[in-house]
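Below is one structure, written out as structure tokens; the observations come after it.
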Amino acid sequence: GAVVSQHPSWVICKSGTSVKIECRSLDFQATTMFWYRQFPKQSLMLMATSNEGSKATYEQGVEKDKFLINHASLTLSTLTVTSAHPEDSSFYICSARTRLTGELFFGEGSRLTVL
Amino acid sequence: GENVEQHPSTLSVQEGDSAVIKCTYSDSASNYFPWYKQELGKRPQLIIDIRSNVGEKKDQRIAVTLNKTAKHFSLHITETQPEDSAVYFCAASNTGSGYSTLTFGKGTMLLVSP
């Protein structure tokens with residue numbers, strides 16, 4: 001299947017700093033990428049949909065100024081958690097949709113811990 | 001928007017038994033129903049999917065059934081093994097809606113005891 005790479009896999013930062021997470025589709029072009037947040041023992045909650053070359057579409061309740069999403073190319077989307085606070089600590093996962101079949105493939109996930 | 005309900009939230013079976021997880025969806029326009037397996041701290045992995053033009057699909061010990069009229073679909077795992085223990089998520093989407101946003105169920109934690 002298609003490969004989606006996410007980096008970093010885990011990050012620890014101080015409160016108030018910003019953290020950038022990268023999501024790359026390695027062997028296919030992804031016009032659309034999705035960012036999810038997952039709390040322990042809970043399901044994946046869609047945060048935003050990232051379309052190449054345009055502004056991301058955010059789900060209700062997700063602050064766009066807090067979670068900056070950039071989709072600069074057909075293989076890369078980034079999520080920047082700005083001025084992170086402990087309540088932002090979570091598992092963030094990206095996914096990319098293949099244009100051909102519509103299947104979704106997930107990145108490895110990034111575990112963010114804000115101290 | 002789409003709403004996906006998944007049951008049960010936890011399921012414990014003995015090795016060799018069968019396991020069934022059920023999901024219902026609300027949007028009759030949904031036409032793609034994947035199932036994902038997620039081990040602790042890892043990414044969800046697609047294990048099987050079904051599209052609305054098919055009623056059943058099987059891949060070795062895993063099968064999925066879809067009832068469009070009732071708007072529900074189920075995952076069946078036969079001859080369960082300890083390595084099947086994980087959280088399983090169902091999802092639904094409408095692939096004809098521009099971009100296919102998946103709506104996930106809340107997940108089922110499957111525990112297979114040796």
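Here is the naming used below: chain letters follow the sequence lines, and residue numbers restart at 1 for every chain.
- Here the OH-CG distance, from A:Tyr36 to B:Leu102, works out to 5.0 Å after rounding to the nearest 0.5 Å.
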- Please assess A:Gln38 against B:Gln38 for the test side chain to side chain contact (heavy atoms under 4.5 Å, CB included), listing each intermediate value before the final yes or no. CA-CA 12 Å; A:Gln38 187 176 36; B:Gln38 187 180 27; 2.8 Å; yes
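- Only the side chain of A:Ile93 comes within contact range of chain B, with heavy atoms under 4.5 Å apart.
- For a residue to count as touching a neighbouring chain, one of its non-hydrogen atoms must lie under 4.5 Å from one of that chain's; by this rule A:Phe106 touches chain B with backbone and side chain alike.
- Rounding to the nearest 0.5 Å gives a distance of 8.5 Å between CZ of A:Arg97 and OG of B:Ser93.
- Counting non-hydrogen atoms of neighbouring residues, nucleotides and ligands closer than 6.0 angstrom, the CD atom of A:Glu87 exceeds 12 such neighbours.
- Neither the backbone nor the side chain of B:Pro34 comes within less than 4.5 Å of any heavy atom of chain A.
- A donor-acceptor pair is defined here as one N or O able to donate and one able to accept, closer than 3.5 Å; such a pair exists between the side chain of B:Arg43 and the backbone of A:Val4.
- The environment of NZ in A:Lys64 is sparse: at most 12 heavy-atom neighbours from other residues, nucleotides or ligands sit within 6.0 Å.
- Connection of B:Trp35 to A:Leu46 is not established within any shared hydrophobic cluster, with ILVMFWY side chains joined at heavy-atom distances below 4.5 Å, either directly or through further cluster members.
- Atom NZ of B:Lys106 is separated from atom CD of A:Gln42 by 8.0 Å, given to the nearest 0.5 angstrom.
- Hydrophobic clustering keeps B:Val87 apart from B:Ile48 (ILVMFWY residues linked when any side-chain heavy atoms are closer than 4.5 Å, directly or through intermediates).
- Linking ILVMFWY side-chain heavy atoms closer than 4.5 Å, directly or via other members, places B:Leu46 and A:Met33 in two distinct hydrophobic clusters.
- B:Leu40 CG: 12 or fewer foreign heavy atoms inside a 6.0 Å radius.
- Here the side chains of A:Leu44 and B:Tyr36 are not in contact, with every heavy-atom distance at 4.5 Å or above.
- One hydrophobic cluster, built from ILVMFWY side chains closer than 4.5 Å, cannot hold both B:Tyr32 and B:Tyr25; they sit in different ones.
- Without hydrogens or angle criteria, A:Ser43 side chain to B:Gly105 main chain gives a donor-acceptor distance under 3.5 Å.
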